[in-house]
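Order of appearance sets the numbers: ligands from 1, and atoms from 1 within every ligand.
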Amino acid sequence: MSVTFLSGGTGTPKLLDGAMQEVDELSVVCNTGDDVVLSGNLVSPDVDSVLYTLAGEIDRDTWWGVERDSYHTHEALTQSGRRVERVESQRPLGEERAFGGDGEFMRIGDRDRALHVVRTSAVDSGASLTEAVQRCADWLDVDERFTVLPMTDDAVSTYVHTPEGPMHFQRWWVAEDGEPPVEDVDFHGAGRAGATEAVEAALQQPVVVGPSNPVTSLGPMLSVAGLREALREARVAAVSPFVDGEVVSGPAAELMEAVGLPPSTEGVYRAYEDFLDVLVVDGSEAGDIEVDCTVVATDTILERREDAARLTREVAAALDLSNTY
Ligand code: GDP
């Protein structure tokens, strides 16, 4: 049997780094709400963090980009005076997420950019996003035991609402350093997006929601028609991204408050409670939460690959998958 992970771009890739040694096969359904068209290419940050992790190329300090990449093209594009602006795009999957001009606001390495070219060429020549991601996995020689899937083949874009107006999540988080206060979050295009056959098949298996941001990593996924319903039928464990009352990194707490969830493990539970069977929390959080599912308290700080391998074994045991590992 294989296991399916639901992933954003930091916490769950850290877990996958150990899980890939522990399981026979795994599928990863990735958030694409952060995707942008930038410098002419379709950039898919969470998909790429997962691909680089499974290919053994991830930069383990940042959990994005390729280890020891060079930045020649990025440096040329960010010399003083280079500008980047939102544009309307006719390109496939470019709707509501395209940036033009002669600069770029994300730090994109040269090898990383090559992967974006592979993806964009595939999509421009008519491949679905699922097919394009598979081409990226092949290009990186990702082991055939691992399947990486975008959450949908349709364009879903995460927007945060700020006093300066709505802005694409990547613009808010990367270009604006996450500084404008967030009043709400929504997912443009979600009403038209459907689950792919590949994702529906992956959700027939036991599911692990990694320690990802419930609002902007899992939120876009759960907004895709059919996904939440499929999860209700599956056996699902989720790992909380909170340790000692705080998130380990990133803006999850602020964004949870913005959408009316408590910024805590309890808020994580509330985001998933209709489909959750097992909640895995850090030992520092045990005892503080009242939930109607199995709770496993353990050490969830993922500093080394061995931490992630151990946590995978514990999650598997809680899901009663021990004989499949
Ligand atoms: P994003 O796409 O970069 O936002 O990545 P994710 O949504 O996958 O991951 C962000 C979440 O990972 C944050 O809310 C962090 O609290 C969580 N996280 C990062 N490192 C760890 C860790 O070592 N342990 C746990 N439990 N959570 C972590």
Side-chain angles (χ1 to χ4, degrees), residues 5-19 28-36 43-54 58-65 106-107 148 150-151 156-158 160 168-170 172-174 178 182 185 187 208-222 237-259 261-265 267-269 271-272 279-286 289 295-312 314-315:
F5 290 79
L6 308 188
S7 186
T10 308
T12 308
K14 284 185 184 178
L15 182 60
L16 291 169
D17 193 37
V28 191
V29 179
C30 301
N31 172 42
T32 56
D34 295 0
D35 291 13
V36 286
V43 180
S44 200
D46 291 0
V47 171
D48 289 353
S49 288
V50 169
L51 284 170
Y52 292 138
T53 300
L54 296 176
I58 191 81
D59 181 328
R60 298 171 56 84
D61 291 329
T62 55
W63 291 91
W64 55 262
M106 293 173 78
R107 192 167 146 74
V148 182
M151 64 189 198
V156 175
S157 296
T158 301
V160 294
H168 188 284
F169 177 77
Q170 287 296 343
W172 174 73
W173 180 237
V174 184
V182 177
V185 179
F187 310 114
V208 177
V209 182
S212 282
N213 182 329
V215 181
T216 50
S217 293
L218 268 295
M221 232 180 266
L222 298 174
V239 182
S240 173
F242 284 82
V243 175
D244 230 349
E246 294 183 354
V247 284
V248 178
S249 59
E254 178 186 355
L255 296 172
M256 288 171 79
E257 276 193 293
V259 300
L261 287 170
S264 63
T265 289
V268 175
Y269 172 72
Y272 306 148
L279 180 63
V280 182
V281 304
D282 192 74
S284 61
E285 306 251 310
I289 36 165
V295 175
V296 174
T298 184
D299 180 0
T300 70
I301 285 281
L302 304 171
E303 269 167 12
R304 300 162 310 147
R305 182 169 288 151
E306 299 79 62
D307 301 327
R310 176 198 40 78
L311 185 57
T312 302
E314 291 179 353
V315 175

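Expressed to the nearest 0.5 Å, how far CD1 of I301 lies from CG of D307 amounts to 8.5 Å. The structure places CG of L15 at 10.0 Å from OG1 of T300, a figure rounded to the nearest 0.5 Å.
In the candidate list C30, P241, P211, P211 is nearest to atom 12 (O) of ligand 1, counting heavy atoms. Residue nearest to atom 8 (O) of ligand 1, selected from S212, G219, A252: S212 (by heavy-atom distance).
Distance from atom 4 (O) of ligand 1 to its nearest protein heavy atom, with residue and atom name: S217 OG, 3.8 Å. Atom 5 (O) of ligand 1 has as its closest protein heavy atom T10 N, 2.9 Å. In this structure, the protein non-hydrogen atom closest to atom 2 (O) of ligand 1 is G9 N, 2.8 Å. With hydrogens left out, the protein atom closest to atom 25 (C) of ligand 1 is T300 O, 3.5 Å, a heavy atom.
At least one N/O-N/O distance between G11 and ligand 1 falls below 3.5 Å. At least one N or O atom of L302 sits closer than 3.5 Å to an N or O atom of ligand 1. Considering backbone and side-chain N/O of S7, none are found under 3.5 Å from N/O of ligand 1. Remark: ligand 1 and P13 share no N or O pair separated by less than 3.5 Å (distance only, no angle test).
Within 6.0 Å of CD on E246 lie no more than 12 heavy atoms contributed by other residues, nucleotides or ligands.
Under a 4.0 Å N-O distance rule, the pair E314/R310 qualifies as a salt bridge. The pair D17-K14 does not meet the salt-bridge criterion, since no charged nitrogen lies less than 4.0 angstrom from a carboxylate oxygen.
For S249, the closest heavy-atom approach to ligand 1 falls below 4.0 Å. Using a 4.0 angstrom heavy-atom cutoff, S240 counts as in contact with ligand 1. Within the structure, ligand 1 has I301 among the residues with a heavy atom less than 4.0 angstrom away.
Only side-chain heavy atoms of K14 come within less than 4.0 Å of ligand 1; its backbone N, CA, C and O stay farther off. When heavy-atom distances to ligand 1 are checked against a 4.0 Å cut-off, D46 comes that close only through its side chain, counted from C-beta outward.
Panel note: side chain W63, backbone R60; a donor-acceptor pair is recorded below 3.5 Å. Panel note: side chain Q170, backbone D35; no donor-acceptor pair is recorded below 3.5 Å.
Taking the six-membered ring where tryptophan is involved, the planes of W172 and F169 are tilted, since the angle between them lies from 30° to 60°.
Set against the non-hydrogen atoms of T12, the atoms of ligand 1 under 4.0 Å away are 8 (O).
In summary, the side chains of S217 and S212 do not present any donor paired with an acceptor at a separation below 3.5 Å, with no hydrogens or angles considered.
Here the side chains of I58 and S49 are in contact, with some heavy-atom distance below 4.5 Å.
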